[in-house]
Amino acid sequence: MTKRVINEVQDYLTICGEGRVYQIVNVEMLLKRHKGEAVIGFLNLLRNDYKKELKQLIQSNKTDPRINELVAKNFRIRMAINTIKNAEKGVKNAA
């Protein structure tokens with residue numbers, strides 16, 4: 001995986017705001033040590049956990065501000081997964 005792709009994926013998984021930077025996952029280390037397919041599997045598991053939490057929050061209190069945070073995290077993780085998949089398709093097509 002190229003450094004450019006890793007940076008793009010990490011950008012999706014980094015939230016900046018209110019004077020702080022928050023990484024949902026430090027994906028750079030994961031992508032250096034594991035294949036993209038394994039990282040996608042991990043991100044999907046994380047996304048499923050967030051979906052379960054989101055479902056529980058919606059059932060208990062639809063006005064909870066954590067809902068916004070979980071929706072944003074799910075979206076960001078999905079974009080990171082798509083970026084990894086597209087990068088791997090590019091490598092396979094080039095071979």
**OP:** Give the C-alpha distance, both sets of side-chain angles, the deciding distance and a yes or no for side chain to side chain contact (heavy atoms under 4.5 Å, CB included) between K73 and Y22.
**Re:** CA-CA 11 Å; K73 284 181 180 179; Y22 170 73; 3.5 Å; yes
**OP:** Flag yes if M79 and F42 sit in one hydrophobic cluster, no otherwise; membership is Ile, Leu, Val, Met, Phe, Trp, Tyr, and two members link when side-chain heavy atoms are under 4.5 Å apart.
**Re:** no
**OP:** Evaluate salt bridge (charged side-chain N to carboxylate O under 4.0 Å, His left out) for E53 paired with R66, printing each intermediate quantity in order.
**Re:** CA-CA 10 Å; E53 187 177 348; R66 291 178 292 175; 5.2 Å; no
**OP:** Step through the shown structure and confirm whether more than 12 heavy atoms of other residues, nucleotides or ligands are within 6.0 Å of CZ on F75.
**Re:** no
**OP:** Examine L46 and Y12 and state if one hydrophobic cluster contains both, with Ile, Leu, Val, Met, Phe, Trp and Tyr joined whenever side-chain heavy atoms are less than 4.5 Å apart.
**Re:** no
**OP:** Would you mind reporting whether L43 and V39 have side-chain heavy atoms less than 4.5 Å apart?
**Re:** yes
Subject >> I6 side, atom CD1; D11 side, atom CG - distance, nearest 0.5 Å >> reply: 12.0 Å
**OP:** With side chain to side chain contact (heavy atoms under 4.5 Å, CB included) as the test, would you mind laying out the steps for Q23 and Q10 before giving the verdict?
**Re:** CA-CA 8 Å; Q23 286 185 341; Q10 189 62 65; 3.6 Å; yes
**OP:** Go through the side-chain N and O atoms of N74 and R78 and say whether any donor and acceptor fall under 3.5 Å apart.
**Re:** no
Subject >> From CD1 (I67) to CG (N61), nearest 0.5 Å >> reply: 6.5 Å
**OP:** Check for a donor-acceptor pair, side chain of R76 on one end and backbone N or O of T14 on the other, with a separation under 3.5 Å.
**Re:** yes
Subject >> Distance in Å, Y50 OH paired with L70 CG, rounded so as to fall on 0.5 Å steps >> reply: 7.5 Å
Original post:
Where do V5 and A87 come nearest, in terms of heavy atoms and distance?
Top reply: CG1-CB, 3.6 Å
Subject >> N26 vs M29, side chain to side chain contact (heavy atoms under 4.5 Å, CB included): CA-CA, chis, key distance, verdict >> reply: CA-CA 6 Å; N26 183 347; M29 296 305 295; 4.1 Å; yes
Original post:
In Å, rounded to the nearest 0.5 Å, how long is the span from CG of L45 to CD1 of I40?
Top reply: 12.5 Å
Subject >> Ion pair E88/K35, N-O distance below 4.0 Å >> reply: no
Subject >> CZ on R47 to NZ on K52, rounded to 0.5 Å >> reply: 13.5 Å
Original post:
Can you tell me how far NZ of K89 sits from CG of N82, rounded to the nearest 0.5 angstrom?
Top reply: 8.5 Å
Subject >> Stepwise side chain to side chain contact (heavy atoms under 4.5 Å, CB included) check, M1 with I84 >> reply: CA-CA 9 Å; M1 187 104 11; I84 296 169; 4.1 Å; yes
